[in-house]
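Down below is the structure, laid out as structure tokens.
Residue numbers begin at 1 in each chain, while the letters A, B, ... track the order of the sequences.
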Number of protein chains: 2
Amino acid sequence: MRKKTSSEQTAAPVEAGQAAPVTDDRVRRSKAAVLAVTADLLFERGYSGVSVDEIARRSGVAKTTIYRHWPNRADLLRDACAHVGTPLTTPDLGSLRGDLTALMADFSQMLTTARWTSVLPSIIDAGERDAEMAEMYRRLQQGYSAPFETVIRRGMARGELPAETDVPALVAALTGPLFYRRWFSREPLTEGFVREIIRIALG
Amino acid sequence: MRKKTSSEQTAAPVEAGQAAPVTDDRVRRSKAAVLAVTADLLFERGYSGVSVDEIARRSGVAKTTIYRHWPNRADLLRDACAHVGTPLTTPDLGSLRGDLTALMADFSQMLTTARWTSVLPSIIDAGERDAEMAEMYRRLQQGYSAPFETVIRRGMARGELPAETDVPALVAALTGPLFYRRWFSREPLTEGFVREIIRIALG
DNA sequence: ATGCTACGATACGGTATCGTAGCATAAATG
DNA sequence: CATTTATGCTACGATACCGTATCGTAGCAT
């Protein structure tokens, strides 16, 4: 019966039937609104440019209420960062090269279009000085390397790669250049570039 | 006759003999002290954590004087960032693989030990929202990719690489994985990893 | 002696920010 | 209807920060 707001990000996994909602529906609404606006502000201004006052103004949720749900600014921002990002789908097309081509295209597409990628240096920087933030980021990062490991291991199982392949190194060889282009050299992430990286990595 | 302070960073190129020092020696001293302390603070707290008041406190240079030399905080920080970093030496050992091995070792060594690398995400983040900062960073970045391009082109000239080699892509394939490990996956940057990356990139 | 240049010390105006207190209000629950 | 719960609103206190203004001084050259 309850109208689900667009995001279920903050919901803890709930046993299906017997509800007994420990938190009011209003809570979920407030939290969702706050998290959404926080993410927007993160994209616009980066981690250190986001203020709680501005979140309150823009979300329509009173600052008081925000502090009723998060103990402080850092926790709120970490929470928002944790739900940033869109998951990669893991392809399964039968061949290593096919899977990697699809995955790399997906990934580079995300790097170039998704708004939230602009805030990643900000998050990493925060993690450079905040252990909890670093841990949060680590989980985020793993979500993106996991599909690569999966398709690589499948390729190994099919004998398309030698059994002694260094998987983390291969993941680095594939995704590293994309990160590099996006944030360090700032050259365009073209389709041709991605193809070239795959060619180099797989021979 | 003038006693040179440790750093000549801020000095404009000066015609050798007839001096006529447009800036006092005191100026050089103040600026050097301020830039040094600013760099330290950048390493500790990142771009947005540095305040002019703190720079003044720690350097012993009055805030007034700081604002006599830089128009505002952003310019000061950009100036400090521009002089951060240590240059790579370009090896010339006669073979592509030898040059790249030396260069990559040098580079990964720097990524893991140099204090200033911890502030790079901060700089990049600032660049996401500040054009001048982005331009400053671009020059910094080019200083590090240039040696790679040089040794690769020399290798091409020697016929160790096909003439149609995509140089920027190869640079990305080599350095990207190092960046990736240092900032994104945070796995250790071991010698074995570097060797593996070279093997993948050169076959 | 007289400038000139650069600097230091202090204080200030104005703004932004975090996090909290007090009180009123709307809605769900019994 | 009464009670509990979650929220809204306004106003603070405290701190930090930017950038400037004012006044006084030290060193050096003429």
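Rounded to an integer number of Å, the gap from CD of B/E54 to P of D/dC18 is 10 Å. Look at CZ on B/R58: it is 20 Å from C1' on C/dG8, rounded to the nearest Å. One atom, CG of A/D25, and another, P of D/dT7, lie 10 Å apart when rounded to the nearest Å. With rounding to whole Å, B/Y67 atom OH is found 19 Å from C/dT10 atom P. Atom P of nucleotide D/dG19 and atom CD1 of B/I55 are separated by 11 Å, given to the nearest angstrom. The distance between atom NZ of A/K63 and atom P of C/dT17, rounded to the nearest whole Å, is 10 Å. Put simply, CH2 on A/W70 is 14 Å from C1' on D/dT7, counting in whole angstrom units. Rounded to whole Å, atom P of C/dT20 lies 13 Å from atom CD1 of A/I66.
Considering only the side chain of A/V61, D/dG8 comes nearest among D/dG8, C/dT20, C/dG8. Side chain of A/T65, nearest nucleotide from D/dG19, C/dG19, D/dG8: D/dG8. The side chain of A/T64 lies closest to D/dC9, out of C/dA27, D/dA21, D/dC9.
For D/dC18, the OP1/OP2 oxygens have a side-chain nitrogen or oxygen of B/R73 closer than 4.0 Å. At C/dC7, one or more side-chain N or O atoms of B/S30 fall inside 4.0 Å of OP1 or OP2 (strictly under the cut-off). Within the 4.0 Å cut-off from OP1 or OP2 of D/dT7, at least one side-chain nitrogen or oxygen of A/H69 is found.
Using the Watson-Crick or G-U wobble rule with both distances under 3.5 Å, D/dA14 pairs with C/dT17. Across all strands shown, D/dT30 pairs with C/dA1; the Watson-Crick or G-U wobble distances both stay below 3.5 Å.
Judged by a 6.0 Å distance limit and a 45° cone about the ring axis, B/R181 is not positioned over the six-membered ring of A/F179. Both the sub-6.0 Å distance and the 45° axial angle are satisfied by B/R73 relative to the ring of B/Y47.
Looking at A/R68, its side chain has no donor and acceptor atom pair within 3.5 Å of the base of C/dG19. For A/S51 and C/dC18, a side-chain-to-base donor-acceptor distance below 3.5 Å is absent, hydrogens and geometry of angles not being considered.
Residue-level contact check: A/G60 touches the backbone only, with heavy atoms under 4.0 Å from sugar-phosphate atoms and none from bases.
The ring-ring contact (aromatic ring centres under 6.0 Å, His included) test with A/W183 is passed by exactly one of B/W183, B/F184, B/Y137: B/F184.
Remark: B/E191 CD is loosely packed, at most 12 non-hydrogen atoms of other residues, nucleotides or ligands lying under 6.0 Å away.
Sequence order on DNA chain C of the closest nucleotides to A/R26 and B/A62 puts B/A62 first from the 5' end.
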Hey, mind stepping through A/T90 and A/L103 against side-chain contact (heavy atoms from CB on, under 4.5 Å) and telling me if it holds?
CA-CA 7 Å; A/T90 308; A/L103 196 49; 5.7 Å; no
